[in-house]
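Structure first, commentary second.
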Amino acid sequence: MKSDNFFMTLLQKATMGILGFMAAMVGIMGYYPLIPAFYGTYCLRGKKNGLVYVGLLSGMFLRMSFQPFMKYLFIIGVINIGIRFYRWANKSCSGWIAGIISGVATVGLNCSCAAMVKGYSYEMTLGIGEGFLVAGATVLLHYVVEMVVELEFTTNDINPIVQYSNHDVNADKTEAFAVAVEELSNAFKAMDVKTENVGSRKIELLEQEITGRLCACCEDCTVCWNENRFSLSDSIRRMLMAVTSHMSREEICQGNYVEQCNQYKDMVDEAIEAVGRIELNEAWHKRLQENRLVIAGQLNAMSDLLHGWKDECRNCDDSNRTKIARISYEAKERGILTEEIHLFEDISHRIKINAVVMGKWNGGIPMKNFRLAVEKATGLELRVQKDAKSIITKNPQLVSLYEDTRFYTLPGIASQKKNESPVNGDSFVLFELDDGRYNVCLSDGMGSGNDARRESETVVDLMEKFMEAGFKKETAVKLMNSAMVLQGTKESYSTLDYGELDLYTGKLELLKVGASASFIKRKTDVELIRADTLPAGFDANQELYSVKKTLQDGDFLVMVTDGVLEYLHADNPEECLMQIISEIRTDNAGVLAKSILEQVLECTGGFAIDDMTVLTTGIWEK
């Protein structure tokens, strides 16, 4: 492998030497513009190659007389110094700058020689023309050489990332792991079917337990069971049915279901204790089954996520090698070195570009420069991943670029804690994912104060983490809900109002879990969105309510907690709030949220009887 690389490097150097020789052999009316143009291109590459000098000087020696030989030797010396100095001062040198330096050096030497010999003459005009030709040829040669080199590199660089995208061993392992997790989920679900139904035999078990404890120790046992066996058994069962229906002890004793028994009251006490113990076991058994189903749901969500990873993006390197080469070229023009450039297409046919970038020299280069380079190479409007560093240094860093979105959002928040409460029990989070989905999450914890705050914060934190991990929103809501169910015997219910906005298309999807109504403000029109659902943590298998809408430029999404609606003192609070929203004239999301809360507080006399939060999101075209 090392010998092959050495041979390829030697071949490339020899090729550059031959090209230098050929450039020196091309003459036009006694001028040789390809010599400074080729040498300027060589200097830009920044790689030492003695064969270039051998080729150039050999061609010049064979083709020229002494005077032009010395002139062009001096020109390439000036070009070398000029490009090196510019690169030292600015930390980069593009093809255009190298062309200008080469052209100016050529014009300067030609004009100086013409002025010393004859003054201004026809030769001086030709010398100026050669300078312009050298500048253009330098830019063109630099582009051609760099593109050839980059295309050769991308052709030979078919390695792990591309293989991964073509569903090789790693993709197969991911799929196998997803299937295994899915089967484990099915196993947990099947446990609920296989368990024994204790409730159908409750009375029979209770009768056996009570008679075993009391009748076996009774002196009259033989008489009672031999003479009245069937009637006694029926009497005991009627008494047990009264106990299981939760009649009071006094009522059961007065009923005297087992008249012939001398220990009837003891039998009633024993039955009440046994029924309580069995019902407690049944409650724990039911809780165990619910937890099994919750765990099965979580495993199923993990399986869906793994299945989705396999088909999330398609690698497009093979069909975009020219673009990859241009990206590398444009980045180099701005002093940025690139490695591992790869193009991906998601299920919505939008392009994602990954690259490892680093600066050529010490000092920082704005990340914006790399984005501009990629935009020029691909013809796309792009945005950098949200957590990318703003400065490129000599340390390699992985950066992702995505097609830019059509819309952008600005939020507004207004909140008021309950009177005499230490904190507001409502929580919210706003975040944008790299795939262009803007997420709005609002939660109202049960009650008020610190406990409510902790519950609502748990809801929004889990949703944010699940969405950033790559789960679908429906799966994320189910996982969050199951986590709330599994918290234990403590009642902990919180509402969830969740909105996902596609910033490419303006499509909005709302998921409501026990949440209050939401509103869409379109200029003066207001649309109401409501749902009657249970809060999170109440039922692990509750159905989700989903509604889809499309927002346009200038529209607002308004979310509120129940404290805003419940104390409006109106027959129909939702219509009252719609009227308030429609009468507010503003294009500012913050002003809209603040104005809504102020008018609601006017209706309550300035008192916040419950925690109140208004969350607004405005959408605008870029």
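- Pairs engaging residues 391-404 under the salt bridge (charged side-chain N to carboxylate O under 4.0 Å, His left out) rule: D404-K622 [sequence neighbours left out].
- L337 has its side chain out of reach of E339: every pair of non-hydrogen atoms, C-beta onward, lies at least 4.5 Å apart.
- The cationic group of R350 lies under 6.0 Å from the six-membered ring centre of Y504 and within 45° of the ring axis, placing it in a cation-pi geometry.
- In the displayed structure, W620 atom CH2 is contacted under 6.0 Å by more than 12 heavy atoms of other residues, nucleotides or ligands.
- Around OH of Y72, the count of heavy atoms belonging to other residues, nucleotides or ligands within 6.0 Å exceeds 12.
- Residues K376 and R334 are in side-chain contact: their nearest non-hydrogen atoms beyond the backbone lie under 4.5 Å apart.
- Side-chain atoms of E509 never come within 3.5 Å of backbone atoms of S546 as a donor-acceptor pair (strictly under, hydrogens ignored).
- Enclosure of atom CD in E468 by more than 12 non-hydrogen atoms of other residues, nucleotides or ligands within 6.0 angstrom is indicated.
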**OP:** Report the C-alpha separation of D435 and Y402 in whole Å, then their side-chain angles, then the decisive distance to 0.1 Å, and conclude whether the side chain to side chain donor-acceptor pair (under 3.5 Å) test is met.
**Re:** CA-CA 7 Å; D435 60 5; Y402 302 83; over 6 Å; no
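- Between K386 and E432 there is no salt bridge, since no side-chain nitrogen of the basic residue lies less than 4.0 Å from a carboxylate oxygen of the acidic one.
- For F431, the CZ atom counts as densely surrounded, since its 6.0 Å shell holds more than 12 non-hydrogen atoms of other residues, nucleotides or ligands.
- Looking only at distances, no side-chain donor or acceptor of T495 sits under 3.5 Å from a matching main-chain atom of S443.
- At least one donor-acceptor pair under 3.5 Å links the side chain of D317 to the backbone N or O of L343.
- Contact detail for L380 and E375: the closest heavy-atom pair is O-CG, 3.1 Å.
- Note that CD1 of I529 is 3.5 Å distant from CD1 of I520, once rounded to the nearest 0.5 Å.
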**OP:** Evaluate side chain to side chain donor-acceptor pair (under 3.5 Å) for N354 paired with H342, printing each intermediate quantity in order.
**Re:** CA-CA 5 Å; N354 286 349; H342 297 283; over 6 Å; no
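- The structure places CZ of F407 at 8.0 Å from CG of L551, a figure rounded to the nearest 0.5 Å.
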**OP:** Determine, stepwise, if the pair D497 / S518 fulfils side chain to side chain donor-acceptor pair (under 3.5 Å).
**Re:** CA-CA 8 Å; D497 207 354; S518 298; 2.9 Å; yes
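- When all heavy atoms are compared, the tightest approach of A377 to E330 is CB-CG, 4.1 Å.
- Contact of the T405 side chain with the R383 side chain is registered, since non-hydrogen atoms from C-beta on lie closer than 4.5 Å.
- Note: L133 CG to S102 OG = 12.0 Å, rounded to the nearest 0.5 Å.
- Between L73 and L57 there is a side-chain heavy-atom pair separated by less than 4.5 Å.
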**OP:** Apply the test side chain to side chain contact (heavy atoms under 4.5 Å, CB included) to residues L511 and L496: give CA-CA distance (whole Å), side-chain angles for both, the deciding distance (0.1 Å), then the verdict.
**Re:** CA-CA 8 Å; L511 293 175; L496 173 65; over 6 Å; no
Subject >> Test side chain to side chain contact (heavy atoms under 4.5 Å, CB included) applied to Y31 and T106, step by step >> reply: CA-CA 10 Å; Y31 294 90; T106 304; over 6 Å; no
**OP:** Report the C-alpha distance between R406 and L503 in whole Å, list the side-chain angles of each, state the deciding distance to 0.1 Å, and finish with yes or no for side chain to side chain contact (heavy atoms under 4.5 Å, CB included).
**Re:** CA-CA 6 Å; R406 175 187 170 194; L503 296 179; over 6 Å; no
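- Atom NZ in K352 sits 7.5 Å away from atom CG in D434 (nearest 0.5 Å).
- At a threshold of 4.5 Å between non-hydrogen side-chain atoms, the residues L510 and L557 count as touching.
- A 4.5 Å side-chain heavy-atom check between I35 and L56 finds at least one atom pair inside the cut-off.
- Side-chain atoms of T616 and K521 include no donor-acceptor pair closer than 3.5 Å.
- Taking the charged nitrogens against the carboxylate oxygens, D502 and R437 have no contact shorter than 4.0 Å, which rules out a salt bridge.
- Within a 6.0 Å radius of NZ in K507, no more than 12 heavy atoms belonging to other residues, nucleotides or ligands are found.
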**OP:** Could you give me the CA-CA distance, side-chain angles and deciding distance for T378 and I327, then say whether side chain to side chain contact (heavy atoms under 4.5 Å, CB included) is met?
**Re:** CA-CA 8 Å; T378 60; I327 291 172; 4.0 Å; yes
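- Closest non-hydrogen pair, R522 versus D555, comes out as NH1-OD2, 2.9 Å.
- Closest non-hydrogen pair, I28 versus P33, comes out as CD1-CG, 4.3 Å.
- Scanning both residues, L430 and P411, for their nearest heavy atoms gives CD1-CB, 3.4 Å.
- You'll find the side chain of F370 reaches within 4.5 Å of the side chain of L401, heavy atoms only.
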Contacts under 3.5 angstrom, residues 79-86 side chains, donor-acceptor by atom type, not counting sequence neighbours:
| from | atom 1 | to | atom 2 | distance (Å) |
| --- | --- | --- | --- | --- |
| N80 | OD1 | R84 | NE | 2.6 |
| N80 | ND2 | Y39 | OH | 2.6 |

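- Between I351 and E345, some side-chain heavy-atom pair lies under the 4.5 Å cut-off.
- Rounded to the nearest 0.5 angstrom, I76 CD1 and M60 CE are separated by 5.5 Å.
- S427 and S456 get closest at one heavy-atom pair: OG-OG, 2.8 Å.
- Taking CD1 of I619 as the start and CG of L508 as the end, the distance is 8.5 Å to the nearest 0.5 Å.
- Panel note: side chain S328, backbone I324; no donor-acceptor pair is recorded below 3.5 Å.
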